[in-house]
Amino acid sequence: MHRHHRLILMLLSCAMLFGTPALIPVSPAQADNLPFPEPANENAYAVPMENLRLRVWAQYRVLYNASNIPSGINNGSLPTAGAGSGKLNFGDTTSYDFFRQRMRLAFDIQRKDSDNVGAYMQMEYRGGFGGSSPAASDPRGESGANADGTPNAFNRLQARGIRYGYIYVTPIENHTLVVGILPTIDQVGRVLWDGEWDFFVGGASLGGKIGNGDYRLGFYRIAADLKAGTIGQGFGKDGDMWVADYNKPLKLGTYDLKVGGHFYTLNLGKTENISIGDTHENWAALTASGGLLGGAWNAYLMLNSGRLGTGLTGNNHTGYSGKFEGSIPIGSTTLNLFALYASGDKAGHTSNQFTTPEAILGTNGYWGYSHIFNANAPGDVNDFGVNLNNGGAGLVTVQTQLKFPIVPRLTGTLESAYFSAARSRDFGTRGGTSYMGTETGAMVTYNIAKNLDLDVGAAYASMGDFLANRTQATGVERSIYEVFTRFQYAL
């Protein structure tokens, strides 16, 4: 009997094993089939690679920085800059170090049969790794959305994402339109705003040639009240900037000269959700450049006037700025020099202030030769970020730089700089002063291989009373140092 049961079970098992495919058909498992290039299947067609013109650019860098640069930022045009929490507080500085890494990848795409139109996109990942790296990828501070409506000064990145991207088209020869998130730079002297500082804004810009000169006309939206959804009452007041530039070569006898005219206007309507207030600013500038003793020079003169908002009220002002920069070769060595002036006013007043879009929005900075007072790669991940407005007091700086070869594939750079406010400031019982300090620094760059460089440098700054007296701390550190390295591969 038991043998019969075992036989019956064996027959049933065989029937189930071999009969299942015929009785219960099973479809092979497969993943969701998403259409290319996007799930919505809009314009879903693929262009063969042989029909595309694709350009690729990549950069990867690792940086190390050790310093006692104080935390906090010089808070732009606000009269309270340097007084209290979050400002330059030289009494609270201690030595620290951090690493940074950054990867960038860019694509420029065109069809071979339509080379007058294309798209450009640059992606980025950045941040610290291990050790003492803080959570923020930039010690100078960040702007972005929060519940209180922090002004979004520009498309400040998170640790990863699209840095900028735009469509470009040349509908008429010598006239190109770009639309998207733009890496815009002022054409005066890179002192007002700068895409190298991640000043990326949504907008449109038209550029090209008129006669034998180059022009640019642009509209940018550089700010938005992220809580209320709007800053002003309609178009033209919601953080809008209009730009117009024209640069033309001239011949003065046998001397080649290039001159330019520039006009920029910025409007920020009044709102209760951000502290900028009712701001309407205009900048008009003349620029010139040419040759100098085998090298080159450039200069500008600029007028800034408008209504500078502070809180919910504004103040009318008119300020001035000028700059001269020259580069002279001396054998295999190059000597660079620049001097810059921006007008300021006494504490609590604005009538003579010169300001910039970055100062208004609290993002700060301009490019210079020094490493601690202003941005200068590769130490630009940690600096004071002093802008031309300088908390309303204005700025005077003279900076020099010497670049020279040492041995094959190894070059050196020496820099020195002097900084002062245009107007002295009284700080309680500590008296008034305009002297900000001096800085010296050195750097060597070694070309390890093609496209691969190692930079190692250090800088030292001695603080003057203008900065040191701004702190509320009793112990003030006047000796500031920075040691920096950059290991970078770039195509």
Look up atom [atom1] in [X] and atom [atom2] in [Y], then write down how far apart they are to the nearest 0.5 Å.
{"X": "Asn298", "Y": "Lys258", "atom1": "CG", "atom2": "NZ", "result": "11.5 Å"}
{"X": "Glu281", "Y": "Asn304", "atom1": "CD", "atom2": "CG", "result": "5.0 Å"}
{"X": "His175", "Y": "Leu217", "atom1": "NE2", "atom2": "CG", "result": "11.0 Å"}
{"X": "Tyr246", "Y": "His262", "atom1": "OH", "atom2": "NE2", "result": "12.0 Å"}
{"X": "Phe324", "Y": "Leu337", "atom1": "CZ", "atom2": "CG", "result": "7.0 Å"}
{"X": "Asp455", "Y": "Asp453", "atom1": "CG", "atom2": "CG", "result": "6.5 Å"}

Give a yes or no on whether [X] atom [atom1] has more than 12 heavy-atom contacts from other residues, nucleotides or ligands under 6.0 Å away.
{"X": "His349", "atom1": "NE2", "value": "no"}
{"X": "Arg53", "atom1": "CZ", "value": "yes"}
{"X": "Lys450", "atom1": "NZ", "value": "no"}
{"X": "Tyr64", "atom1": "OH", "value": "yes"}
{"X": "Ile167", "atom1": "CD1", "value": "no"}
{"X": "Lys248", "atom1": "NZ", "value": "yes"}

Looking at residues at least two apart in the chain, or sitting in another chain, which of them share a side chain to side chain donor-acceptor pair (under 3.5 Å) with Asn376?
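Scan of Asn376 (side chain to side chain donor-acceptor pair (under 3.5 Å), adjacent residues dropped) gives none.
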What's the shortest heavy-atom distance between [X] and [Y], and which atoms?
{"X": "Tyr168", "Y": "Ala119", "answer": "CE2-N, 3.6 Å"}
{"X": "Tyr60", "Y": "Met103", "answer": "CD1-CG, 2.6 Å"}
{"X": "Phe419", "Y": "Ser370", "answer": "CZ-OG, 3.5 Å"}
{"X": "Asp115", "Y": "Gln110", "answer": "O-NE2, 3.1 Å"}
{"X": "Tyr341", "Y": "Ala422", "answer": "CE1-CB, 3.9 Å"}
{"X": "Met302", "Y": "Val188", "answer": "CE-CG1, 3.7 Å"}

Kindly indicate, with the supporting measurements, whether the criterion side chain to side chain contact (heavy atoms under 4.5 Å, CB included) is fulfilled by Asn336 and Thr334.
CA-CA 6 Å; Asn336 299 308; Thr334 301; 3.7 Å; yes
Test the Lys209-Tyr215 pair against the cation-pi criterion, namely NZ or CZ under 6.0 angstrom from the six-membered ring centroid and within 45° of the ring axis.
no
Close side-chain approach of [X] and [Y], heavy atoms under 4.5 Å:
{"X": "Ser321", "Y": "Trp283", "value": "no"}
{"X": "Leu52", "Y": "Ile109", "value": "yes"}
{"X": "His371", "Y": "Glu439", "value": "yes"}
{"X": "Asn116", "Y": "Thr176", "value": "no"}
{"X": "Val483", "Y": "Ser67", "value": "no"}
{"X": "Thr184", "Y": "Arg216", "value": "yes"}
{"X": "Asn282", "Y": "Tyr264", "value": "no"}
{"X": "Trp57", "Y": "Gln122", "value": "yes"}

List the steps, then state whether ring-ring contact (aromatic ring centres under 6.0 Å, His included) holds for Tyr369 with Phe338.
CA-CA 9 Å; Tyr369 302 154; Phe338 88 75; 5.1 Å; yes
Mind checking salt bridge (Lys or Arg N to Asp or Glu O under 4.0 Å) for Glu482 and listing every partner two or more places apart, or none if nothing turns up?
none
Output, in order, the C-alpha distance, side-chain angles, deciding distance and verdict of side chain to side chain donor-acceptor pair (under 3.5 Å) for Gln399 and Thr397.
CA-CA 6 Å; Gln399 304 183 28; Thr397 180; 3.1 Å; yes
Applying side chain to side chain donor-acceptor pair (under 3.5 Å), run through Asn267 and Thr279 and close with a yes or a no.
CA-CA 6 Å; Asn267 293 287; Thr279 296; over 6 Å; no
Please step through side chain to side chain donor-acceptor pair (under 3.5 Å) for the pair Trp367 and Asn374, ending with a clear verdict.
CA-CA 6 Å; Trp367 292 106; Asn374 49 239; over 6 Å; no
So, for Phe354 and Tyr320, is the gap between ring centers shorter than 6.0 Å?
no
For the residue pair Ser351 and Asp345, confirm or rule out a side-chain donor-acceptor distance under 3.5 Å.
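Their side chains do contain a donor-acceptor pair, which is all the 3.5 Å distance test asks for.
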Classify the ring geometry of Tyr166 against Tyr120: parallel below 30°, tilted from 30° to 60°, perpendicular beyond 60°.
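Parallel, since the angle between the ring planes stays under 30°.
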